[in-house]
Amino acid sequence: MLEIYNSLTKKTQPFRPLDENNVRIYVCGMTVYDYCHIGHARVLVVFDVVYRYLTHVFGADHVTYIRNITDIDDKIIARANERGVNITDLTNEFIDAMNVDAEALGVISPNEEPRATAHMQQIIDMIQALVDKEFAYQAENGDVYYAVSKFETYGQLSGRQLDDLRAGARVEVDEAKRDPLDFVLWKSAKPDEPHWDSPWGKGRPGWHIECSAMSTHCLGNHFDIHGGGMDLKFPHHENEIAQSCGATGEAFANVWMHNGFVQIDNEKMAKSLGNFFTIREVLEQYDPEVLRYFILSSHYRGPLNYSNVHLDNAKNALTTLYTAIRGINIDESVSSKPAMQSEFSTRFFAAMDNDFATSEAQAILFELAHEINKLKSSQPDVAMNYAIELKSLAKLLGLLQRDAEEFLQAGQSGELSADEIEQKIVQRNQARADKDFSLSDNIRDELLEQGIVLEDGSDGTTWRRE
RNA sequence: GGCUGGGUGGCAGAGUGGCUAUGCACCGGAUUGCAAAUCCGUGUACCUCGGUUCGACUCCGGGCCCAGCCUCCA
């Protein structure tokens, strides 16, 4: 049975959805004012695997996955001003870019990707409900704030006490707030800022209320899983709980999942440290599937240390996997049937059931590949069945779905086209047939300099890019 | 200062109260014209100090160290 670590209870617990026919998950997505970086890639990929696995467990039509888009906030306004473009053009540009990156990484689109600006009515309604219930107040400067002290369990998710928070608060006291910990729900508009009409005057929503309003709107007041990056736990998710529970009077998300950070040299990746990589920068050097494999090679809650060495390692590992299924002609009529369920599948599912232990699941993929290599020539039928099983398990991780040949020969190292390489191979094999090994070795060395590795198999020579 | 996580072999990274993780790298052998790939095999671990236990890397306590959060952040 699937067990998930719940940040709220700090325990790994059996996952029991409210409705098995509609498992509902909401993940905090991106604020779209720049290209996505590797940290974003991690959220994208991690929750993509969560979604794939939930679908596997509960059925394809029994999971609803929502990932929002924050398309209005201070940074977006600042960036648009900087560039002299309007906000919609800016956010559309980066939403498109995000979709390109996500697709490259093999991320399945969520069922819905709600945008904040398209849910202004729901946001205003929720703020109104909070004001009506006296969880919120309008301050003299026109802003509407959430009164943190009114919500009894505030701090539960992040394990903080109000007094500790006040003691540690570095923010200067905002005169308009009754309590320095109160946070903004509605900001009154400054001149030349985008704004919407509301009962509290022209303005725009605070960041936290957007997610409360959109998740509730898309999934109902009470749903199963809420996810996001570790850093969102406080204050963002803490505030969401206060808002949603305050407004609806019901429970909010049952399970909270938080993925760990991407680090570089054991430090958080951050623009201010200059150790920052966008997805597209990485993909100039590495195949997207390599990045995906790398992300899944450590547990989602732990830190992920990024470096080229690690990506090289991931590339070699993936090459091993693809090499195992290379040359096996998977009979479509067989592969359309459900894959064989060997002991490998059982162990793979057990790993995934254990809070999505993807690195352990990957290890089983290698054992399967090993099995295939052993049986390839002696029992091709059995090997093919294992290959089908391997691909079907890997699919849950979004890996190994391409043609092996295509993966192994992808890339643009060297100047040679596939046709030219094939010609060289023909020449070399003629030389080998003539026992002219110095010529054949020269050709092979020449290709190797271009990053092309030749492999002489029992049924001919194959090549790949290293 | 408060709150979270974590310290495993050359590197990365799982896991378990006594039994092989896995990948990459390395070494020996098979195979190959030679390689590559593959197969067979070897080796290198569990921060520190106490405690519990027949037995702990695995449980408990102290210490040291690292990262994250406490402000926008995936």
Side-chain angles (χ1 to χ4, degrees), chain A residues 7 10 27-31 33 36-47 67 70 73-75 78 155 157-161 163-172 181 183 207 227-236 238 258-263 265-272 293-294 297-299 301-305 307 309-310 312-321 323-324 326-327 347 351 354 357-367 369-370 372-374 376-377 408 432 435-438 440-441 444-445 448 453-458 461-464 466:
Chain A
S7 301
K10 298 178 179 53
V27 172
C28 289
M30 267 44 96
T31 300
Y33 69 99
C36 290
H37 58 245
I38 312 172
H40 296 120
R42 170 117 102 146
V43 198
L44 250 18
V45 169
V46 161
F47 286 101
R67 193 183 62 221
T70 296
D73 93 333
D74 290 345
K75 282 183 179 162
L157 176 66
S158 51
R160 290 156 210 265
Q161 308 291 322
D163 288 341
D164 293 339
L165 285 167
R166 290 194 184 98
R170 290 183 223 150
V171 275
E172 69 273 30
L181 297 181
F183 58 90
W207 174 44
M230 209 73 123
D231 53 337
L232 262 34
K233 204 194 257 188
F234 186 89
H236 184 56
E238 196 72 71
H258 292 100
N259 67 274
F261 261 73
V262 176
Q263 304 183 342
D265 297 328
N266 292 315
E267 274 188 324
K268 176 180 172 177
M269 189 176 76
K271 275 185 174 170
S272 56
Y293 178 94
F294 164 68
S297 66
S298 72
H299 189 87
R301 279 190 281 121
L304 181 65
N305 223 335
S307 78
V309 173
H310 297 157
D312 290 341
N313 192 326
K315 192 210 156 111
N316 289 340
L318 250 192
T319 299
T320 298
L321 252 18
T323 301
R326 180 184 216 181
R347 287 166 52 217
N354 179 21
T358 51
S359 55
E360 209 183 328
Q362 281 179 340
I364 290 154
L365 261 26
F366 283 95
E367 293 182 36
H370 195 223
I372 292 167
N373 284 331
K374 278 196 282 193
K376 232 174 187 174
S377 54
L408 294 166
R432 289 172 70 212
K435 305 277 185 203
D436 185 352
F437 294 121
S438 70
S440 70
D441 288 354
R444 186 171 60 199
D445 291 345
L448 190 58
V453 181
L454 297 190
E455 290 164 8
D456 297 326
S458 54
T461 300
T462 55
W463 64 275
R464 64 184 163 89
E466 65 176 5

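Keep in mind the model is a prediction, meaning the values are calculated, not measured.
With sequence neighbours left out, the salt bridge (charged side-chain N to carboxylate O under 4.0 Å, His left out) criterion links A:Arg42 to no other residue. Residues meeting the salt bridge (charged side-chain N to carboxylate O under 4.0 Å, His left out) test with A:Arg464, sequence neighbours left out: A:Glu455. Judged as a salt bridge (charged side-chain N to carboxylate O under 4.0 Å, His left out), and not counting sequence neighbours, A:Asp231 has no contacts. A:Asp312 pairs by the salt bridge (charged side-chain N to carboxylate O under 4.0 Å, His left out) definition with nothing, not counting sequence neighbours.
Note on A:Val262: a base of the nucleic acid sits closer than 4.0 angstrom, heavy atoms only. When heavy atoms are screened at a 4.0 angstrom cut-off, A:Thr462 is found touching no nucleic acid atom at all. Residue contacts shown for A:Gln263 are limited to sugar-phosphate atoms, with no base heavy atom under 4.0 Å away. Residue contacts shown for A:Gly229 are limited to sugar-phosphate atoms, with no base heavy atom under 4.0 Å away.
Nearest approach of A:Ser298 to A:Leu304, heavy atoms of both residues: OG-CD1, 3.3 Å.
Look at CE on A:Met269: it is 17 Å from P on B:A67, rounded to the nearest Å. Here the C1' atom of nucleotide B:C70 and the CD atom of A:Glu238 are 12 Å apart, to the nearest Å. Look at CG on A:Asp163: it is 14 Å from C1' on B:C70, rounded to the nearest Å. What separates CG of A:Asp231 from P of B:C69 is a distance of 7 Å, to the nearest Å. One atom, CZ of A:Phe294, and another, C1' of B:A12, lie 9 Å apart when rounded to the nearest Å. Counting to the nearest Å, the P atom of B:G13 and the CG atom of A:Asn354 are 18 Å from each other. Rounded to whole Å, atom C1' of B:A67 lies 13 Å from atom CG of A:Leu304. Straight-line distance from the CZ atom of A:Phe234 to the P atom of B:A74: 17 Å, rounded to whole Å.
B:C46 sits 8 Å from B:C57 when the P atoms are compared, rounded to a whole Å. The gap from the P atom of B:C3 to that of B:G61 amounts to 15 Å, rounded to the nearest Å. The P atoms of B:U16 and B:G68 are separated by 27 Å, rounded to the nearest whole Å. The separation of B:C26 from B:G43, taken at their C1' atoms, amounts to 9 Å, rounded to a whole angstrom. Taking the C1' atom of each, B:G18 and B:G13 are spaced 24 Å apart, rounded to whole Å. If you take atom P in B:A37 and the same atom in B:C24, they sit 10 Å apart, rounded to whole Å. B:G55 and B:C66 are spaced 35 Å apart, taking the P atom of each and rounding to whole Å.
Of the possible donor and acceptor atoms, none in the side chain of A:His310 sits under 3.5 Å from a partner among the backbone N and O of A:Phe294.
For the atom pair OG1 (A:Thr358) and CG (A:Leu365), the distance works out to 11.0 Å, reported to the nearest 0.5 Å. Interatomic distance, CD of A:Glu466 versus NZ of A:Lys315, reported as 8.0 Å (0.5 Å rounding). Once rounded to the nearest 0.5 Å, the distance linking OG1 of A:Thr462 with CG of A:Asp456 reads 8.0 Å.
Not one side-chain nitrogen or oxygen of A:Ser359 sits closer than 4.0 Å to the OP1 or OP2 atom of B:U22.
You'll find that the side chain of A:Ser298 is closest to B:A14, out of B:A67, B:A21, B:A14. Here B:C72 is the nucleotide among B:C72, B:A74, B:A67 with the atom lying nearest to any side-chain atom of A:Lys75. Nearest to the side chain of A:Asn316, among B:A21, B:G68, B:C24, sits B:C24. Comparing B:A74, B:G33, B:U22 against the side chain of A:Phe437 picks out B:G33 as the nearest.
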Each nucleotide N or O in nucleotides 35-42 of chain B that has a protein N or O under 3.5 Å away: list the pair and distance.
{"from": "B:A35", "atom 1": "N6", "to": "A:Asp456", "atom 2": "O", "distance (Å)": "3.3"}
{"from": "B:A35", "atom 1": "N1", "to": "A:Asp456", "atom 2": "N", "distance (Å)": "3.1"}
{"from": "B:A35", "atom 1": "N1", "to": "A:Asp456", "atom 2": "OD2", "distance (Å)": "3.2"}
{"from": "B:A35", "atom 1": "N3", "to": "A:Arg444", "atom 2": "NH1", "distance (Å)": "3.0"}
{"from": "B:A36", "atom 1": "O2'", "to": "A:Glu455", "atom 2": "OE2", "distance (Å)": "3.3"}
{"from": "B:A36", "atom 1": "N1", "to": "A:Asp456", "atom 2": "O", "distance (Å)": "3.4"}
{"from": "B:U38", "atom 1": "O3'", "to": "A:Asn373", "atom 2": "ND2", "distance (Å)": "3.2"}
{"from": "B:C39", "atom 1": "OP1", "to": "A:His370", "atom 2": "NE2", "distance (Å)": "3.3"}
{"from": "B:C39", "atom 1": "OP1", "to": "A:Asn373", "atom 2": "ND2", "distance (Å)": "3.4"}
{"from": "B:C40", "atom 1": "OP2", "to": "A:His370", "atom 2": "NE2", "distance (Å)": "2.8"}

What nitrogen or oxygen pairs link the protein and nucleotides 2-7 of chain B at under 3.5 Å?
{"from": "B:G2", "atom 1": "O2'", "to": "A:Asp164", "atom 2": "OD2", "distance (Å)": "3.1"}
{"from": "B:G2", "atom 1": "N2", "to": "A:Arg160", "atom 2": "NH1", "distance (Å)": "3.2"}
{"from": "B:C3", "atom 1": "O2'", "to": "A:Ser158", "atom 2": "O", "distance (Å)": "3.2"}
{"from": "B:C3", "atom 1": "O2'", "to": "A:Gly159", "atom 2": "O", "distance (Å)": "3.4"}

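Between A:Arg160 and A:Glu238 no salt bridge is recorded (no basic side-chain N to carboxylate O distance below 4.0 Å).
With centroids closer than 5.5 Å and planes inclined by less than 30 degrees as the test, A:Phe261 and the base of B:A67 fail to qualify as a stacked pair.
A heavy-atom distance below 4.5 Å is found between the side chains of A:Leu44 and A:Met30.
For B:A74, its base sits under 3.5 Å from the side chain of A:His37 at one donor and acceptor pair at least.
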